[in-house]
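One structure below.
Start at 1 and go down the list; that is how both ligands and their atoms are numbered.
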Amino acid sequence: MNRRRFLGAGAALLGAGAVGGLALPATARLLAEARPGRLLSSEVPLPEAFQVPLPVPAVLAPVRSDATADHYEITQRLARLEILPGLRTEAWTYGGSFPGPTLVARSGRAMVVRHRNELPVPSVVHLHGGHTPADSDGYPVDLLLPVGSSGAATSPGSPGSSGSSGDRAAGAAAGHGSGHSMSGMAGMAGMAGMGGMPGADGTGGAADLLRTVTGERTYTYPCQQRAATLWYHDHRMGFTGPGVWRGLAGFHLVRDDEEDALPLPRGERELPLMLADRSFAADGSFAYPAVDAALAVPGVTDDYMNGVLGDVVLVNGAPWPRVEVDRARYRLRVLNASNARLYRLELDPQPSGGDALVQIGGDGGLLEEPIAHDAVEIAPAERFDLVVDFSRYPAGTAVRLMNRFGSGRTEEVMLFEVSSRPVSDDSAVPGRLCTLERLDPAAAVTTRVFGFRRSRNAGWTINNQPYEPGRAIARPALGSTELWRFFSDVHHPVHLHLDAFQVLSRNGHEPGRYDAGWKDTVDLRPAEAVEVLVRFTDYPGTYMVHCHNLEHEDMAMMADFVVE
Ligand code: C2O
Ligand code: CU
Ligand code: CU
């Protein structure tokens with residue numbers, strides 16, 4: 001009742017501003033300043049900022065390499081980590097750490113990753129930004145059940161190699177609640193209730209069962225893609241929010257010759273930075289306002305419908321860390337792995353002359369030319385590849401990385417201490433980084449429109465429909481280019497699997513200052529319309545389009561598209 005009323009009010013309030021975002025009524029303009037989420041306060045005293053060193057996740061070594069691929073193994077398991085000094089937090093981890101180990105891939109060389117699930121819950125691994133065949137993409141009901149689970153197919157390894165997804169669709173879509181005020185939620189809950197296994201209730205066939213495996217699953221990444229900062233994370237239907245919140249996220253870097261040929265900072269002067277806000281319960285565990293503590297039913301309590309914000313800012317899993325830097329250029333690969341929090345990153349103090357954050361790349365790799373920013377706004381799942389020249393600061397300067405969208409403790413992120421050590425620096429940021437192909441709007445064979453809105457009856461929706469596995473919202477032809485227009489009620493970071501896209505326009509105007517290059521996630525502010533061009537390449541099958549506010553995603557703001 002409560003939730004229904006709330007949804008209804010939201011839809012009514014926002015309805016006016018949501019039509020295309022071309023004319024912004026006053027309410028919508030006000031909302032444009034509003035950022036999603038609600039703060040969940042920790043029940044433990046928060047540590048002082050800038051006390052712990054910045055961890056850098058270890059790079060995972062392959063277990064073997066052959067002529068065609070490098071092979072890796074990761075065990076997903078519980079680990080008791082010291083995240084807040086003196087406290088133990090039980091995390092869901094890839095390989096015992098949070099973030100998980102960093103995978104480093106070489107463009108053009110396949111990577112095969114075998115995941116073993118020793119967690120107490122099913123999991124799904126998605127390589128975000130990966131150009132990946134459908135059967136390794138981490139479709140949200142392609143579950144990997146924990147070792148020793150019974151009642152499911154037990155074939156380890158690849159769940160089949162057809163790459164076609166029509167087979168799994170039929171069974172997964174059938175048999176869920178409808179004509180109900182929260183039909184989408186009921187559908188998701190129903191899935192979870194049967195162990196998340198499509199077909200378990202007799203609606204699916206053998207093909208569906210093959211998509212669920214027990215114990216181990218092998219994901220194959222051909223890596224026919226350019227250098228970029230990717231990440232991998234859990235993608236289980238209805239439970240991505242709690243899965244990532246509890247630690248299931250890691251970096252996956254792709255390198256290539258084009259990028260290696262540039263004189264960019266490297267080695268110790270290349271730092272991946274995973275930003276993630278979290279909250280902690282009195283016993284040190286991660287606090288998360290799940291509607292069902294046992295996680296049988298997806299979603300969060302009504303107050304957190306618009307996203308969960310933590311009051312502790314973690315960078316690479318450490319609260320407000322510090323790192324000593326040389327008076328030299330550094331490459332910072334910034335990933336926002338937060339469930340719902342947006343950041344406006346800025347250095348304090350700014351170096352004289354400003355333009356401290358020189359963006360060289362985005363989600364999909366290098367930009368054509370660097371863009372110098374005073375501040376960078378980063379939504380959940382986005383990546384910004386930045387070069388900062390700390391020689392612009394006097395030795396001994398304490399430079400804070402600030403989040404101007406935060407307040408109180410969440411306004412600070414981490415600290416760079418500029419060392420007085422004499423150093424040399426032969427790095428540079430060339431004025432031209434690469435040549436990018438520009439997708440041509442005239443080449444788009446279809447225009448499709450996707451409304452990202454809270455619906456009166458069905459939670460968070462795309463085109464008024466809550467997620468239902470197997471129901472395709474679009475069927476683009478393999479190899480074709482399409483124009484996709486997204487519009488919003490409130491903030492939604494919209495993400496596509498399979499291929500990166502290029503932003504064509506924002507509210508009928510030029511793309512924004514954070515929209516450059518190839519992207520796979522684009523942040524829609526309230527009552528905005530964003531057009532992107534995307535070309536569907538190489539792999540047919542079922543992929544996802546969804547909001548990357550993980551609470552929105554879990555509460556049904558997701559859809560399948562089928563490349564055929
Ligand atoms: Cu980062 Cu479909 O997700
Ligand atoms: Cu993705
Ligand atoms: Cu959203």
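Vertex the Cu ion (ligand 3); arms to His492 atom ND1 and Cys547 atom SG; angle 130° (nearest 10°).
A donor-acceptor pair is defined here as one N or O able to donate and one able to accept, closer than 3.5 Å; such a pair exists between the side chain of Asn403 and the backbone of Arg344. Within the 3.5 Å criterion, the main-chain N or O of Thr229 finds a donor-acceptor partner in the side chain of Arg383. Judged by distance alone, the side chain of Asp560 and the main-chain N or O of Thr542 form no donor-acceptor pair under 3.5 Å.
A salt bridge between Glu377 and Arg35 is absent, with no side-chain N of the basic residue lying under 4.0 Å from a carboxylate O of the acidic one. At a threshold of 4.0 Å, the pair Glu73-Arg217 does not count as salt-bridged, since none of the basic side-chain nitrogens sits closer than that to a carboxylate oxygen.
For Thr537 and His131, the side-chain atoms include at least one donor-acceptor pair closer than 3.5 Å. Donor-acceptor pairing under 3.5 Å is lacking for the side chains of Gln224 and Asp538.
For the Cu ion (ligand 2), the N/O/S atoms of His548 include none lying under 2.8 Å. The Cu ion (ligand 3) has an N, O or S atom of His552 inside 2.8 Å of it.
Of all the N, O or S atoms in His126, the one closest to the Cu ion (ligand 2) is NE2.
In this structure, Arg453 fails the cation-pi test against Trp460, since its NZ or CZ atom is not both closer than 6.0 Å to the six-membered ring centre and inside 45 degrees of the ring normal.
For atom 2 (Cu) of ligand 1, the nearby protein N/O/S atoms, meaning those under 2.8 Å, are His235 NE2, His497 NE2, His546 NE2.
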